[in-house]
Each structure stands twice: as structure tokens, then as C-alpha cells.
Amino acid sequence: MEFLLDTIHIADIEKYAKIISLAGVTSNPTIVKKEGKVDFFDHMRQIRSIIGRDQSLHVQAVGQTTDAIVKDAFAIVSNIDEDVFVKVPTNEAGLAAIKILKQNDIHVTATAIYSEFQGRLAIEAGSDYLAPYYNRMINMGIDAKQVIKHLADQIAFQHASTKILAASFHTVGQVNDAFQAGAQAATMGVDILRSALQNPAISNAVLDFTKDWESVYGVGTNIATLADEVLDH
Ligand SMILES: O=C[C@H](O)COP(=O)(O)O
């Protein structure tokens with residue numbers, strides 16, 4: 001299982017790189033817009049320095065034609081690093097670009113996947129990752145879990161090296177569903193992690209444990225303190 005962050009907000013990446021086993025960072029032009037007009041390449045290199053070379057960094061091309069996408073991809077790998085996965089929309093221009101980029105050994109994440117058919121074409125084009133848009137499919141009345149399951153089955157059937165990096169999540173349950181359907185990776189905003197880990201039920205349980213402990217050993221005494229007291233005697 002790979003957990004990625006769908007943000008380029010440096011403070012959030014620094015924070016969650018320490019908290020979870022962070023497998024990487026993804027972005028798209030809308031996510032970049034949220035940060036304002038940052039120094040794009042410098043910002044992405046900064047993210048790389050936080051997450052490290054073993055984690056995956058996915059940066060989206062913005063060109064509209066095959067030629068423009070390929071040029072964007074070369075600019076991305078030249079100005080960030082060669083390990084970056086270039087995100088390419090899975091449309092006609094993008095699929096043609098993916099074929100060219102794979103011939104040039106550039107890592108590719110086929111993105112904007114709303115259908116099983118797009119995913120199948122992206123697998124055949126040699127994409128390293130597929131990014132199906134979970135919540136957006138749900139909003140369109142598409143069975144996102146089934147799309148992911150069918151793509152995962154196909155990848156397994158043909159022993160393809162392509163992995164499914166599910167994206168566009170609005171709930172924790174959607175992330176679970178994507179993994180259950182066979183996605184190897186999921187990218188999510190920090191809102192998903194917060195709602196999973198800052199749940200009041202968890203805080204209440206921790207508070208109850210603290211109260212019970214302190215009622216016996218006294219406020220401010222923890223297990224490390226007890227151990228220190230043993231050493232002092
Ligand atoms: O890059 C794709 C995003 O994960 C899409 O997420 P969104 O549907 O929340 O905009």
C-alpha cells in the first residue's frame with residue numbers, strides 16, 4: 001500500500017512525512033494554484049528534498065497537444081529530476097505523448113481517468129501509474145470501485161508493471177474502497193488524514209486513558225517518570 005499526499009503545501013508535506021509512511025506527493029495545476037504563483041521548479045525540488053529520492057513525486061504536464069505535453073515532460077525532468085513521474089491526461093493527445101515519453105524512459109502517471117477503457121489504453125501505452133478519479137466518478141454515477149477492480153484484475157492478468165494510484169477522494173471510506181478494489185496506491189488531501197486521525201472518538205479514548213492513569217499515579221506522572229524513579233532508588 002502506498003499513501004501519497006495530493007498537495008504541494010510544504011508545511012503539510014513536512015508534517016505528514018514525519019507522521020505517516022509517506023510514499024510520495026502528487027499535484028495538478030489546480031493544486032498548484034492553491035499555493036499562488038510559486039517558483040515552480042524550485043518548489044518541486046524543495047518537495048523532493050523533503051520526501052527523498054525513494055518516494056515518488058508526480059508533476060502534471062499542462063500542454064494541450066502531444067508536442068506540448070512532451071516538451072513539458074522534458075522540462076519537468078530536466079528542471080526537477082529524472083525520477084519524477086510526469087502526469088499526463090488520458091486523452092488522445094496525452095496517450096500519444098505517453099507512448100513517446102515511455103520510449104524516452106520518462107516515468108509516466110496517466111491521469112484524469114474516469115473510465116475502465118481509458119485505464120486499459122493507458123496500461124497498453126506503458127504508463128507506470130494510472131490515476132482514476134474516485135470521487136469524480138462517483139459524482140458521475142460511475143461505479144469507481146468496479147473500475148479500479150477491473151483495471152487491477154487486468155494488470156494482474158497480464159503481469160503488467162503498471163500500478164493504480166487512485167485519486168480524488170472526499171472520504172476515508174473511499175480510500176479504503178479503492179485499496180479493497182486493488183489499487184496499490186492512493187493520493188489524498190490532508191483533510192482525509194485529519195478526519196481519520198483527529199476523530200473525536202480517538203481523542204476521547206486517549207483522554208479517558210489519561211484520566212484513569214492519573215487517578216492512580218498522579219497528574220504529570222508517566223511511565224518514563226516511573227522508570228526514572230526506579231533508577232533513582
Ligand atoms: O489530480 C487529481 C486530483 O486528485 C483530483 O482531485 P479532486 O477531484 O478532489 O479535484
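Atoms within each ligand, like the ligands themselves, are counted from 1 in listed order. What you are looking at is a predicted structure, and each value in this text was computed from that prediction instead of being measured.
- Which parts of ligand 1 touch A167 is read off a 4.0 Å heavy-atom cut-off, strictly below it: atoms 4 (O).
- The side chain of Y133, and not its backbone, has at least one atom closer than 4.0 Å to an atom of ligand 1 (non-hydrogen atoms only; side chain from C-beta on).
- Residue-to-ligand polar distances place S168 within reach of ligand 1: an N/O pair is separated by less than 3.5 Å.
- Residue K87 has at least one heavy-atom neighbour below 4.0 Å for each of these atoms of ligand 1: 1 (O).
- Looking only at protein heavy atoms, the nearest one to atom 4 (O) of ligand 1 is D6 OD2, 2.6 Å.
- If you number the atoms of ligand 1 from 1 as listed, the ones under 4.0 Å from a heavy atom of N28 come out as 1 (O), 2 (C), 3 (C).
- With sequence neighbours excluded, no residue satisfies side chain to side chain donor-acceptor pair (under 3.5 Å) with D12.
- Q118 places a side-chain N or O within donor-acceptor distance of the main-chain N or O of A112, the cut-off being under 3.5 Å.
- Each of the atoms 9 (O) of ligand 1 lies under 4.0 Å from some heavy atom of H170.
- Between E14 and K18 no salt bridge is recorded (no basic side-chain N to carboxylate O distance below 4.0 Å).
- D81 places no side-chain N or O within 3.5 Å of a backbone atom of V77 that could act as its donor or acceptor partner.
- Among protein heavy atoms, atom 10 (O) of ligand 1 sits closest to R136 NH2, 2.7 Å.
- A salt bridge between D128 and K163 is absent, with no side-chain N of the basic residue lying under 4.0 Å from a carboxylate O of the acidic one.
- In terms of modelled atom types and a separation under 3.5 Å, the side chain of N104 and the main chain of I106 share no donor-acceptor contact.
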